[in-house]
Amino acid sequence: MAYSRQAKDFVAISGLHPNTTHPRVAGVIIGKTDVKSFPDRKSIGFDRFTFGFTIKDSPDYFINVSSWGNDGYINGLSNSFSIGDCVIIENPLVATKDPEKEDRFCPSTPSFYRLLVSEAHSQLSICSDIEMMNRLLPLLHLPVKDSRDFYSLGDIVANGQSLDGIVINILAAVRSIAEPKFFTTADGRKGQRLEVKLFDDSVTSFPLVCWDKEAIQLVQTLIPRETVLFISDARIGFDSFRNCMTATVNSKTIITVNPDTKEASLLFSYVKEVSESGVLDEDDKPGDVPVDSISDVYTVSQLKLKAQENPEVFCGITYSFVSKLDLDASVSKVIRSRCSKCRYQVNEEIQSCSNTACPGGDQPLTVTTGFDLLVDVTDHTGTLQSCSLNGTVAEKTLGCNPEEFVSLTEDERTAMKWKMLLERCKVYIKITPSPKTRSGMRGNVLQCSLADPGEVKQNMSALQ
């Protein structure tokens, strides 16, 4: 196998054997675990430290590497490289792996062996050979499992709790990445947790949970709505608190970013189309966020500031006026029909969805018809423009359904509009940061009703 002009100096992973003397291996890091410590049985009162990683040097071959040692050596070695780096390992010990033990806790590899890196005998360095890096880096985009061997998010949801505790492969796109949450356990150990929302053409939001710092560092570099992941060996579980299925990154998991596969390319095309359409920003299901659970009160300027500082979706209450409400526009701009599969706006006369990536493309068109309004919300600090007021929320706000609205005269619609525009309202709103929009955010009204004057006075005083 030709590595570069230095090919004779390296041993391919496929050629490694316990009898190999002074091996020199080059590869790209495709997986890595956090450093862990255990009591040293030989030295009472002291700990031994360890961590592992996986390197790949060709499309079909990769191998697990582990290292044990004292605190300074192991943490120093771990901090010297990250997933995605090309490294050279000199003189590792080539050991026969115990398949039953190794494959339970480490990524499954095609090699019969594993590598051990020790402070006394081995050395690891970052590769600086451009030719070798150009050969190794494309391997990051090749899944370690068959590219056709995966569950869609719809498959996971459909199978439900029958998958609880099972390890599977997933192909999905990144919808959003939350901020990491930090905590301290009862025995004083510090930990962290980060949740990624995944989606595909069958499910709009599915949680992927990361507990390891290495996994968190990797996913924090991803670009939501522009990244597809092949996640090998994710553990599926049922979250009884949220009553939903979740996936968790574990010590066996390898995450391949933007895989170079046909299946990933098809999903990426869908992701690009729905992201550009704005469909992902629309949420017609306010029940996902019970308004009873929302208590934080904001001025409009505070909502804008928090959206700039915080990449997560959040909800709040604002006591504001609805300053723009085009109820006297043409009915087609107030009430719209959307494909029930992908929520694209459709023309029912055509009897087909114009979204080429619609998951129901081969099926008869089914539509949902309802209010689809954009409103401005204003208080003394500013205006939130183009907030969505849709579906049943709009019906409750306006006091009528679409059929009743259509039967109103133009004067009656205008009177309904001005009734809302002249009164201060209590608006429950969901804010979604959206860097591609002019304002950098999207607002979705979850509930809007006339505000009690005493309640307004009390809350506005608290915000001064």
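- Checking side-chain atoms of T397 against main-chain N and O of V393 turns up a donor-acceptor pair under 3.5 Å.
- The side-chain heavy atoms of I431 and C315, taken from C-beta on, include no pair separated by under 4.5 Å.
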Chi angles and distances behind the side-chain hydrogen bond (donor to acceptor under 3.5 Å, both in side chains) call for S147, K262: CA-CA 8 Å; S147 64; K262 177 184 176 182; over 6 Å; no
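- Only one option out of D379, T378, T383 pairs with S323 in a side-chain hydrogen bond (donor to acceptor under 3.5 Å, both in side chains); it is T378.
- A 4.5 Å side-chain heavy-atom check between L208 and V249 finds at least one atom pair inside the cut-off.
- A salt bridge is absent between D452 and K426; no separation between the charged side-chain nitrogens and carboxylate oxygens falls under 4.0 Å.
- Shown here for D34 and D212, the closest heavy-atom pair between the two residues is OD2-CA, 3.3 Å.
- Taking each heavy atom of F206 and A247 in turn, the nearest pair found is CE2-N, 3.6 Å.
- Within a 6.0 Å radius of CZ in F321, other residues, nucleotides and ligands contribute more than 12 heavy atoms.
- Checked against ring pair (Phe, Tyr, Trp, His ring centres under 6.0 Å), F314 has the following partners two or more places apart in sequence or in another chain: Y298.
- Contact record, V291 with L446: CG1-CB, 4.1 Å, taken as the closest heavy-atom pair.
- Using a 4.5 Å cut-off on side-chain heavy atoms (C-beta onward), I254 and D233 make no contact.
- No more than 12 heavy-atom neighbours from other residues, nucleotides or ligands sit within 6.0 angstrom of NZ on K324.
- Between E395 and F405 there is no side-chain heavy-atom pair separated by less than 4.5 Å.
- For F49, the ring pair (Phe, Tyr, Trp, His ring centres under 6.0 Å) test picks out no residue, with sequence neighbours left out.
- Note on D328 versus R413: no salt bridge recorded, every NZ/NE/NH1/NH2 to OD/OE distance being 4.0 Å or above.
- Shown here for T256 and H141, the closest heavy-atom pair between the two residues is CG2-C, 3.7 Å.
- Taking every heavy atom of both residues into account, I335 and T369 meet most closely at CG2-CG2, 3.6 Å.
- By the neighbour-count criterion of 12 heavy atoms within 6.0 Å, atom NZ of K36 is densely surrounded, having more than that number from other residues, nucleotides or ligands.
- Remark: the backbone N or O of T409 is paired with a side-chain donor or acceptor of E412 at under 3.5 angstrom.
- Cation-pi geometry between R193 and F183 is not met: the NZ or CZ atom fails to fall both under 6.0 Å from the ring centre and inside 45° of the normal.
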Audit row: N75, S78, side-chain hydrogen bond (donor to acceptor under 3.5 Å, both in side chains) steps and yes/no: CA-CA 5 Å; N75 276 291; S78 176; 5.8 Å; no
Side chain to side chain contact (heavy atoms under 4.5 Å, CB included) evaluation trace for I231 with T253: CA-CA 7 Å; I231 308 165; T253 306; 3.6 Å; yes
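- Scanning all heavy atoms of the two residues, the minimum distance from G154 to S202 falls at N-OG, 2.9 Å.
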Audit row: V257, L229, side chain to side chain contact (heavy atoms under 4.5 Å, CB included) steps and yes/no: CA-CA 5 Å; V257 179; L229 303 177; 4.0 Å; yes
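- Using a 4.0 Å cut-off between charged nitrogen and carboxylate oxygen, E263 and R148 do not count as a salt-bridge pair.
- Remark: of the listed residues I63, V28, N64, I63 is the sole one forming a side chain to side chain contact (heavy atoms under 4.5 Å, CB included) with I55.
- Contact check on E179 versus K181 returns no salt bridge, with no Lys/Arg side-chain nitrogen under 4.0 Å from an Asp/Glu carboxylate oxygen.
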Side chain to side chain contact (heavy atoms under 4.5 Å, CB included) between V334 and D326, intermediate numbers included: CA-CA 8 Å; V334 178; D326 292 334; 6.0 Å; no
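- Residues L303 and L384 form a side-chain contact, since some pair of their non-hydrogen atoms from C-beta on lies under 4.5 Å apart.
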Verdict with reasoning, L398 to L373, per side chain to side chain contact (heavy atoms under 4.5 Å, CB included): CA-CA 11 Å; L398 301 177; L373 294 160; 4.2 Å; yes
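- With contacts defined as side-chain heavy-atom distances shorter than 4.5 Å, the pair N258/E226 does not qualify.
- By the 6.0 Å contact criterion, NZ on K306 is enclosed, its count of non-hydrogen atoms from other residues, nucleotides or ligands being greater than 12.
- Between L171 and V228 there is a side-chain heavy-atom pair separated by less than 4.5 Å.
- In this structure, D260 places its CG atom where only 12 or fewer heavy-atom neighbours from other residues, nucleotides or ligands lie under 6.0 Å away.
- Looking only at atom types and distance, the side chain of K32 has no donor-acceptor partner in the side chain of S82 under 3.5 Å away.
- Using a 4.5 Å heavy-atom threshold, the side chains of L305 and Q308 count as touching.
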Residue pair F51, F53: steps toward the ring pair (Phe, Tyr, Trp, His ring centres under 6.0 Å) verdict: CA-CA 7 Å; F51 78 107; F53 55 99; 5.7 Å; yes
